[in-house]
Structure formats: C-alpha cells, structure tokens
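What follows is a short report on a single structure.
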Amino acid sequence: MQHDEQYMRLAIELAKAGIGQTSPNPVVGAVVVKDGEIIGLGAHLKAGEPHAEVHAIRMAGEKAKNATVYVTLEPCSHFGKTPPCADLLVDTGVKRVVIATTDPNPLVAGKGIKKLQNAGIDVEVGVLKEEADELNRIFFHYIATKTPFVTLKYASSLDGKIATTTGESKWITSEAARQDAHRYRAMHDAILVGVNTVIADNPSLTVRLPEGGKNPIRVILDTHLRTPLEANVVNDGAAETWIVVGNQVKEESIMPYRRRNVQVIKMNEANIDIRKLLKVLGEKRVTSLFVEGGASVHGSFLQAKAVNEMVAYIAPKIIGGKEAPGPIGGSGFASMADVMKLKIKSVETIGPDIKIVAIPNQK
Ligand code: NDP
Ligand code: ZN
C-alpha cells in the first residue's frame, strides 16, 4: 500500500538504535499508524526487555485498535523472557501488520504470521526485506549456524603492509579510522587475536570511544599458553578474557591465569582448529566475533573459510620493503584459480583513509 515503505523505513531506523546492545536477540523496530498518523514507536533495546512491538503498542494506547503496525521482523509467537508479541497484537485488535522479514528462529518461523492471520489480521510480508535482513545479518547467521558471525579487520598502507621492516605499526591509519574500528569492537560480542599480537603489542582490546560502548569478551588463540601473566588482557579486568589452548596444556600452568579471573578454554586436540573453535564459541553464546590479527590468525580464518565480512582500512602511505609483512599470513592460496574471491559491499573514505568492506565467497 501507499506509504508502506516510508513507515517501514522509519521502523528500520528505530531498529538501528539497538545495534550492538541486543545480543543474543535481533534488533527490531516497530511503528503504529492510524489514519495517516504515527501513534506509536518502539525499538528492542536489550535482551530481556520489552520487544519493539510492546513499546510501540503501549505508546499508541487505546488508539492502537484497528491500527496498522509496521515491524522489521516477524512478531514472536513463543514465551521467551517476555510474552509473545503476536498475542499482544491480536489482543490489541490491530487491523493490519506489515512485516519486513520472517524470523529464522525455528521457535518463531512463520508461526507468528500464522497466529496473526488466524485472528483475521491482514498480514503483509517483505516490505524492505533486503534492508531488514542486512540489519540482522549477525543474528540470522547465528540462528542458522549456531556459530558466531565473523568480521575480520586489518589496517594497511596503500602498498598492503601492516608494519615496517622493523615491526613498527603504530599508527598506519588515522585517528578517525581507528575510531571506526572501535565502533566495530563495541558491536561484537567478542574480539579475537593471536598470542603473538598479545606478546608484541600488549593491547588492551577495549572500546575507547568518546560516546563509550561495551567492551567485548577478549579471546586469545594461544596453543601452548604463552600469554604473559603481566599482559594487559590478563590483568586489567576491563572485560572478560578467554585464552584458548591445546589439550596438552597442563592444569598447573593454567592455575595462575584462573586466579586472575581469566578463563582458559582447552580444545579437544593439540591444535586450535578454527571451525571447532567457532562451535565452542557459539555454544558459549558468542554470536559475533571481531578478528583483529595478526597475519597468522587472519590466514587461518580465511583458509577455514570462516570469515563473513572483511573490513580493510587503507592509509595513503607507502611502507615498502620486501620483508615488511602483509595482512594475511599462513601459506596463502597457491594458484590464481584457488584464490579467495570477494564481493565489495562498500567503499568510503574516513578522514584521509579508505575503508573497504567486502564479503568473501565462501564456496
Ligand atoms: P598472530 O598474532 O596472528 O599470532 C599467531 C600465533 O597464534 C601463532 O603463532 C600461534 O602460536 C597462535 N595460534 C593458535 N592457534 C592458531 C591458529 N589456528 N592459527 C593461527 N595462529 C594460531 O601472529 P603474527 O606474528 O602473524 O602477527 C603478529 C604481528 O602482527 C604483531 O607484530 C602485530 O603488531 C601485528 N599486527 C598488526 C595489525 C594491523 O592491522 N596492522 C593487527 C594485529 C597485529 P602458538 O602456536 O604458540 O599458539
Ligand atoms: Zn516479541
């Protein structure tokens, strides 16, 4: 109908308010309209708190009867931490519900829509579906695979180097680009680096933004438990730290880390297999993972075809030097027929730097 897209666009804007703070739930926005007037707005802001529809219907009050509700995701139909929104819409007596996309959660999938239709509500599905799917790509991936959505990020010079021949890398990109990367940190449940990065840089892996933001869980890949006990990630208590090790690591060497409240996760094998790791993280309810280096870890994730999105910040600088490292280590892909192909999602400039977001072809 006329104006459907316009109201759905508003619902999508509302949904964006929840980005980075609703995990493990999706972000959702809702708008209630009657006789061409917006009478209710809502967004889901945090797991356990009211869903978008509840906020919007509450705001609309009495007027919600016979209104049209625009919602970015199929209303839920099961009792979770809150009662089902589909029931609420039926009880309120709304006339029409416009939905952007269906919920892949098997507990909901199609059942919310059925419930509405059975109650005689006019339901339309698919308005701005692409935008709505993009908005919840992390949530949808996690529901479908039970493993985290993986974003791999690096910063390089224009000639594709991540450090000088002497190993210096602070800073390649501008303050503005680094802030953008911190926004990604805040958006993800966990951030991951290899132990060599911890040893070389002693990073704190926290979110430092003028507007604040929650710190992700810090995950270190460290087969033989070489992470220094003095490392910031072990001592600063700024966020949870999980060190992933092989099964040969002895309990007594783990104790000092545990005393510092660090969780040591032992894999079932001697090496850390990326696919198995993602399963373990998924079981621990990590829905999204931000992989920030170094080159060896990047190589492993790409070889395992475990990357959903790549973010590259490229500075207009030349580092040069045959020995200066590039962003992706490991053994690489030997022939042009085998190289990883990607689809560019966006290209923009941030301050003096270029930011490219690309989607690897995982087949
Ligand atoms: P990494 O930080 O990638 O750590 C690699 C180590 O992690 C391995 O040697 C291995 O050590 C351990 N590991 C455990 N499991 C795996 C696995 N499945 N795959 C890969 N590694 C695994 O090391 P790099 O030496 O490649 O990179 C470190 C350098 O990169 C630093 O100098 C840092 O400054 C730089 N850097 C630059 C960035 C940039 O964007 N410019 C970003 C991040 C780092 P073990 O066998 O002991 O477990
Ligand atoms: Zn709901």
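Between the side chains of Gln6 and His3, at least one donor-acceptor pair of N or O atoms lies under 3.5 Å. Side-chain contact of Asp236 with Ser204: a donor-acceptor pair under 3.5 Å is absent, judged by distance alone. Under 3.5 Å, the side chains of Asn66 and Arg96 contain no donor-acceptor pair of N or O atoms. Counting only N and O atoms by type, the side chains of Gln263 and Lys284 include a donor and acceptor under 3.5 Å apart.
Taking the six-membered ring where the residue is Trp, Tyr7 and Tyr70 present tilted rings, their angle falling between 30° and 60°. Note: His51 and His44 have perpendicular aromatic rings, judged against thresholds of 30 and 60 degrees for the angle between ring planes.
Ionic pairing of Arg258 and Glu251 is present here: one or more N-O contacts between side-chain nitrogen and carboxylate oxygen are shorter than 4.0 angstrom. A salt bridge does not link Arg137 with Asp133: none of the charged nitrogens is closer than 4.0 Å to a carboxylate oxygen. Residues Arg218 and Glu240 are not paired through a salt bridge, judged by the lack of any N-O separation under 4.0 Å between the basic side chain and the carboxylate. Salt-bridge formation is detected for the pair Glu292/Arg185: a Lys NZ or Arg NE/NH1/NH2 atom is positioned less than 4.0 Å from an Asp or Glu carboxylate oxygen. Look at Glu283 and Lys146 and you find no salt bridge, because none of the NZ, NE, NH1 or NH2 atoms lies under 4.0 Å from a carboxylate O. Between Asp35 and Lys63 no salt bridge is recorded (no basic side-chain N to carboxylate O distance below 4.0 Å). A salt bridge between Lys345 and Glu134 is present, with a side-chain N of the basic residue lying under 4.0 Å from a carboxylate O of the acidic one. The pair Lys355-Asp180 counts as a salt bridge, with a side-chain nitrogen and a carboxylate oxygen less than 4.0 angstrom apart.
The side-chain tip of Arg178 points at the ring of Trp171 from less than 6.0 angstrom away and within 45° of straight on.
To the nearest 0.5 Å, the span separating CG on Asp103 from CZ on Phe140 amounts to 6.5 Å. Atoms NZ and CD1, from Lys279 and Ile274 in turn, are 13.5 Å apart once rounded to the nearest 0.5 Å. Atom CD1 of residue Ile319 and atom NZ of residue Lys161 lie 8.5 Å apart, to the nearest 0.5 angstrom. Remark: Ser23 OG to Asp189 CG distance equals 3.5 Å, nearest 0.5 Å. Put simply, CD on Glu323 and OG1 on Thr166 are 12.5 Å apart, with the number rounded to the nearest 0.5 Å.
Residue Pro104 comes nearest to Phe139 through the heavy atom pair CD-CE2, 4.5 Å, listed as atom of the first residue, atom of the second, then distance. When every heavy atom of Ala231 is checked against every heavy atom of Thr227, the shortest pair comes out as CB-CG2, 4.2 Å. Nearest approach of Ala239 to Asn215, heavy atoms of both residues: CB-CB, 3.7 Å.
Partners of Tyr142 under the side chain to side chain contact (heavy atoms under 4.5 Å, CB included) rule, at least two apart in sequence or in another chain, are Arg285, Thr287.
Residue-environment remark: CD (Glu62) stays at or below the threshold of 12 foreign heavy atoms within 6.0 Å. Other residues, nucleotides and ligands contribute over 12 non-hydrogen atoms within 6.0 Å of the CG atom of Asn202.
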